[in-house]
Amino acid sequence: MIQAEILARLRVAPGSKVSLKDYDPGWAQTKEMKALGKTAVKERAQAILDQNLADLAAAQELLYADDRYAVLLVFQAMDAAGKDGTIKHVMSGINPQGCQVFSFKQPSAEELDHNFLWRYAKAAPERGRIGIFNRSYYEDVLVVRVHPELLARQKLAVGVGKKRFWKDRYEDINAFERHLTRNGTVVLKFFLHVSKEEQRKRFLDRLDRPEKNWKFSSADLAERGHWDEYMRAYEDALSATSTDWAPWYVVPGDQKWITRVVVADVLTTAIRGLELRFPELSAEQRAALKQARDQLTSEQR
Ligand code: ATP
Ligand code: MG
């Protein structure tokens, strides 16, 4: 496991005012780590990740068998911060049947005709499952805030233009997450914090390598132009919606190995923290099993 001290540093304390410049997108989270050196820290991170991925497979099986809880992982980030790769790696060892991934793009006409949480509520994970939101209802206080014309498309009759508008949305989000957690869904939220310089390098890499060209979109470059507005929207959203029941983690995004180990560690620790158990059989069910055993044994020649 990652040192509790490091995780505590990455978890946004409820009620605190987030300033993203206080979070290092790089790898050295403590003086001790810096003293150890990057190679040593990387090796240690890999060992923790390997262990977590092995534990995660077992934890997920128990989550599925126990069938009382669900886990929702929310991923938000600027483009090329590594959402897709993190999801792929962290989930690599688990049973696909127990996992659901939803990627949210621009809302459809039908979705726009409903309240902003509607499409996400429909995709919330079933009991026993790990659900992943690759982008989420947070887009409705991020991209929609940076681009007011998107808000116009939502054709809202109430609240638009009021000072409280975004505050009200945060309140709705907190209430929605409270509702989920009260009903047995653990909610964990990750902001993959990539630096503007690292994004520049990754975009260039997408342009330089033919097999990565498909990943490049000029729309991403346009969004990069709004970097500072996005950072302000993120800071505001993270400050208002990191709660005891659904905390945010600001995960360093410039080194993929750090991003992966942090997400895997938070997830494994959260599932382990639940009191999961294999379902216990009643006396009646046990008697039925015995009968089945007797029947199968008597078929033996
Ligand atoms: P990738 O580029 O890795 O495939 P992505 O998540 O960036 O993944 P895209 O199809 O490139 O996927 O982009 C989806 C776009 O949809 C993003 O620009 C995002 O801001 C936008 N989007 C998501 N949710 C909403 C929303 N509720 N309202 C408006 N735009 C949204
Ligand atoms: Mg994209």
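In each ligand, atom 1 is the first atom listed, and ligand 1 is the first ligand listed. Below, all heavy atoms of this structure are taken into account, side chains as well, without hydrogens, waters or symmetry copies. For reference, positions follow the sequence shown, starting with 1. Since the model is a prediction, treat every value here as computed from it, not as a measurement.
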Does Trp257 share a hydrophobic cluster with Phe190, counting links as ILVMFWY side-chain heavy atoms below 4.5 Å and allowing steps through other members?
-> yes

Starting from atom 28 (N) of ligand 1, find the nearest protein heavy-atom neighbour and note its residue, name and distance.
-> Pro107 CD, 3.3 Å

Which residue holds the protein heavy atom closest to atom 16 (O) of ligand 1, what is that atom called, and what is the gap in Å?
-> Gln106 N, 3.3 Å

Hey, is the main chain of Arg277 close enough, under 3.5 Å, to the side chain of Arg68 for a donor-acceptor pair?
-> no

Can a protein heavy atom be found under 4.0 Å away from atom 18 (O) of ligand 1?
-> no

ILVMFWY network linking Val250 to Met33, side-chain heavy atoms under 4.5 angstrom | no

Can any side-chain N or O of Arg260 pair as donor or acceptor with the backbone N or O of Ala45 at less than 3.5 Å?
-> no

Any sub-3.5 Å donor-acceptor pair from Gln199's side-chain atoms to Ala80's backbone N or O?
-> no

Can any side-chain N or O of Thr181 pair as donor or acceptor with the backbone N or O of Val186 at less than 3.5 Å?
-> no

Which ligand 1 atoms are under 4.0 Å away from a heavy-atom of Asp140?
-> 27 (N)

Is ligand 1 under 4.0 Å from a heavy atom in the side chain of Tyr120, in the backbone, in both, or in neither?
-> side chain

Starting from atom 11 (O) of ligand 1, find the nearest protein heavy-atom neighbour and note its residue, name and distance.
-> Asp220 OD1, 4.5 Å

Consider only side-chain N and O atoms of Gln76 and Glu139, and report whether a donor and an acceptor are under 3.5 Å apart.
-> yes

Hey, does Lys83 sit under 4.0 Å from ligand 1 if you only count heavy atoms?
-> yes

Short question: side chain of Glu198, backbone of Gly253 - any donor-acceptor pair under 3.5 Å?
-> no

Can you sort out which atoms of ligand 1 are near Asp84, meaning under 4.0 Å from one of its heavy atoms?
-> 3 (O)

Just by distance, do the side chain of His89 and the backbone of Gly85 share a donor-acceptor pair under 3.5 Å?
-> yes

With heavy atoms of Val144 as the reference, note each atom of ligand 1 found under 4.0 Å away.
-> 28 (N)

Looking only at protein heavy atoms, which one is nearest to atom 30 (N) of ligand 1, and how far off is it?
-> Val143 CG1, 3.5 Å

OG (Ser136) and CG (Leu142) are apart, to the nearest 0.5 Å, by 7.5 Å

What residue and heavy atom of the protein are closest to atom 5 (P) of ligand 1, and at what distance?
-> Arg135 NE, 3.4 Å

Looking at atom 3 (O) of ligand 1, is any protein heavy atom nearer than 4.0 Å to it?
-> yes

From the options Glu111, Lys215, Arg119, Met78, select the one whose nearest heavy atom is closest to atom 25 (C) of ligand 1.
-> Arg119

Closest non-hydrogen protein atom to atom 20 (O) of ligand 1, residue and atom name please, with distance?
-> Glu139 OE1, 2.8 Å

Which residue and heavy atom of the protein sit nearest atom 12 (O) of ligand 1, plus the separation = Lys105 NZ, 3.0 Å

Provide the number and element of each atom of ligand 1 under 4.0 Å from a heavy atom of Asp79.
-> 7 (O)

